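None of the values given here were measured: they were computed from a predicted structure. Lettering of chains follows the sequences in order, A, B, ..., and the numbering in each one begins at 1.
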Amino acid sequence: MDYRRSYVKDIFSLAPGSEVDAYGWVKTRRDSKGVSFVQLSDGSCFQDLQVVLEAGAFPEETVKQLTTGTSVRFRGEVVESPAAGQAVELKATQLEIYGIADATTYPLQKKGATMEFLREISHLRVRGNTFGAVFRVRSEAAYAVHKFFHERGFRWIHTPIITASDCEGAGAMFAVSTSLEATGHGDDAQWKLKSADPTQDFFGKPAFLTVSGQLEAETMALGLTNVYTFGPTFRAENSNTARHLAEFWMIEPEMAFCSLEGDMKLAEEFLRYVIQHLLDHCGPDLEFFNQRIEPELLKTLEHVATSSFEHMTYTEAVEALAASGEKFEFPCHWGADLQAEHERWLTEVKVGRPVILTDYPKEIKAFYMRLNEDGKTVRAMDVLAPRIGEIIGGSQREERLDILEDRIEEFGLPKEAYWWYLDLRRFGSVPHAGFGLGFERLLMYVTGMKNIRDVIPYHRTPGSAEF
RNA sequence: UGCCCCUUAGCUCAGUCGGUAGAGCAGCUGACUGUUAAUCAGCGGGUCGUUGGUUCGAGUCCAACAGGGGCAGCCA
């Protein structure tokens, strides 16, 4: 057998009379007197191929084996379908079963299951409508990300996944070590510490999984001008919410000779581009999400793809919240970080679409963000989206050596560890900016899926690393 | 990490006041020349998450544990 070069999706555009093989998994079978209908899917598109098994064409025992989940090849003739629901169907003349799926034990049924149940059978859920659509959209979105940056002259760079600097400052980190040895299996497994001395460890010092490629991306931008990362990122926070993962994919563009204004422009163009690409290339999948997952989805995406985002400063947002008359659980005041309820009000009630907030108090943002003239705020921006909250966080970076050194000191960070980061400001420093975008959060936004664990094949969250 | 909720048939769920268990779908048997979550008739299917407690009696009340989920914080 060769790898597949044609798929179920291609069969729909074949001329009636064509003879083809259709490979895939049975989604359902309907029997009538003398005729059976099989819905066949190979994941290549949302629509199933209807395969018609006419009376006497195959032994009854064989047809009965075609239960949900069975893998099969049909050979047959493409014919115009006399019934509604599909333009063409396959009149089967040959049938080969690769692997049966016992209907009494196969967990997927044709009727809907809950997302929570499907998550527990993540290895099988991709065969269903919802997750087939999710992972087609995920793939297409990833392609659109690369296409967007490539068309604008950005270089895709690969920043390290293992980092020995614990100073990225974006959250709790997973240690990477060969000093620990696992003994036993399952519930009996134990860690054995071979050495507590980091100098005896693999890298000769403590090492971690990256929480952000930003600092390294900055070094690459100050040579290649426009770069982006797109890769896995790890946070060891004990976050138990529908929008946090311990392992997720992040996109981080970084631009030299660019201010926060350019950064915001890129963020907006980027989101609109990806959404438009998906509207153009994933129509049936998005249509399904619109019908079954999120009723306002298509309306929202079409609106976002064609209209500009609302811009507000943090200070304006705080004023709007104060004047809103809403009863918030946590009242908001200047200097405090916005709570989820505040973000929701801004995006869902006040604006009704994504909003970009800028110029946050320096105390609640990272040390590397460029200090404003007022000495109180920094050139930060967050893109907040309805339903999702923060989807992008970015800033113009502090390019002035003396101020950056002061900021590192204010944060109580070890200056020596940043020697190479500070070198960027010593040698040919330049205004530059960038942002980080959580790929899975973007996918939640474009699919309407409610839990981030359902837009990645196998989620890693506290207490959960199955598969 | 804090607060809260859930766990009953393969799946989705009912189960009243504590009195020994129900439906739909799936499966099986049959009916129906073309269905689209096909339809119709019949049949089988349960250690009520686990352990302990209260009680004459626990799916139901209590506790611990396990698994799943929601909200919040941390963030992308």
Query raised in the report: Base, sugar-phosphate, or nothing for A:R292, non-hydrogen atoms under 4.0 angstrom?
Result: nothing
Query raised in the report: Is the base of B:rU20 syn or anti, if syn means a glycosidic angle within 90° of 0?
Result: syn
Query raised in the report: Just checking A:E89: base, sugar-phosphate only, or nothing, at a heavy-atom cut-off of under 4.0 Å?
Result: base
Report task. Using a heavy-atom cut-off of under 4.0 Å over every strand shown, decide if A:R125 touches base, sugar-phosphate, or nothing. Result -> nothing
Query raised in the report: Using the C1' atom in both, what is the distance from B:rU1 to B:rG19, to the nearest Å?
Result: 43 Å
Query raised in the report: So, A:E216 and A:H158: side-chain donor and acceptor under 3.5 Å apart, yes or no?
Result: no
Report task. Looking at every strand, decide which applies to A:Q50 at a 4.0 Å heavy-atom threshold: base, sugar-phosphate, or nothing. Result -> base
Report task. Could you work out the separation of B:rC61 and B:rU7 based on their P atoms and round it to a whole Å? Result -> 10 Å
**Report entry** Watson-Crick or G-U wobble partner of B:rC3, both distances under 3.5 Å
**Finding:** B:rG70
Query raised in the report: Under 4.0 Å between a side-chain N or O of A:T114 and OP1 or OP2 of B:rU12?
Result: yes
Requested in this report: Establish, with yes or no, whether the OP1 or OP2 oxygen of B:rU33 is under 4.0 angstrom from a side-chain nitrogen or oxygen of A:R30.
Outcome: no
Query raised in the report: How far, in whole Å, is B:rA41 from B:rC56 if one measures between their P atoms?
Result: 47 Å
Query raised in the report: Counting just side-chain N and O atoms, does A:R29 come under 4.0 Å of either OP1 or OP2 of B:rG27?
Result: no
Query raised in the report: Within the structure shown, what part of the strands sits under 4.0 Å from A:L245 by heavy-atom distance: base, sugar-phosphate, or nothing?
Result: base
Query raised in the report: Between the base of B:rU33 and the side chain of A:E54, is there a donor-acceptor distance below 3.5 Å?
Result: no
Report task. Name the nucleic acid region contacted by A:K64, choosing base, sugar-phosphate or nothing; use a 4.0 angstrom heavy-atom cut-off, strictly under. Result -> sugar-phosphate
Query raised in the report: Can you tell me if the side-chain N/O atoms of A:N240 get under 4.0 Å from OP1 or OP2 in B:rC3?
Result: no
Query raised in the report: Planes under 30° and centres closer than 5.5 Å, is that true for A:F439 with the base of B:rA76?
Result: no
Query raised in the report: Using the C1' atom in both, what is the distance from B:rG10 to B:rC5, to the nearest Å?
Result: 25 Å
Report task. Looking at every strand, decide which applies to A:I251 at a 4.0 Å heavy-atom threshold: base, sugar-phosphate, or nothing. Result -> nothing
**Report entry** Under 3.5 Å on both distances, the Watson-Crick or G-U partner of B:rA76
**Finding:** none
Query raised in the report: Does A:Q339 place a side-chain N or O at less than 4.0 Å from the phosphate oxygens OP1/OP2 of B:rG73?
Result: yes
Query raised in the report: Using atom C1' of each nucleotide, how far apart are B:rG27 and B:rA9 to the nearest Å?
Result: 12 Å
**Report entry** Ionic contact status for A:K450 with A:E294, cut-off 4.0 Å
**Finding:** yes
**Report entry** Side-chain donor-acceptor contact under 3.5 Å, A:K362 with A:N372
**Finding:** no
Report summary line: Using Watson-Crick geometry (N1-N3 plus N6-O4 or O6-N4) or G-U wobble (N1-O2, O6-N3), each under 3.5 Å, B:rU12 is paired with B:rA23
Query raised in the report: Who is the Watson-Crick or G-U wobble partner of B:rA31, with both distances under 3.5 Å?
Result: B:rU39
Query - Side-chain N or O of A:K33 closer than 4.0 Å to phosphate OP1/OP2 of B:rC40 - result: no
Query raised in the report: Checking all strands, does A:T233 fall into the base, sugar-phosphate, or nothing category for heavy-atom contacts under 4.0 angstrom?
Result: nothing
Requested in this report: Give a yes/no on whether any side-chain N or O of A:R453 is located under 4.0 angstrom from OP1 or OP2 of B:rG68.
Outcome: no
Query raised in the report: How is A:A55 classified with respect to the nucleic acid when contacts are heavy atoms under 4.0 Å: base, sugar-phosphate, or nothing?
Result: nothing
Report summary line: Exactly one candidate in A:L384, A:V383, A:V351 meets side-chain contact (heavy atoms from CB on, under 4.5 Å) with A:F309; the answer is A:V383
Report summary line: Checking N1-N3 plus N6-O4 or O6-N4 for Watson-Crick, or N1-O2 and O6-N3 for wobble, each under 3.5 Å, the partner of B:rG44 is none
Report task. Mark yes or no for a side-chain to base donor-acceptor pair under 3.5 Å between A:R235 and B:rA76, with no hydrogen or angle criteria applied. Result -> yes
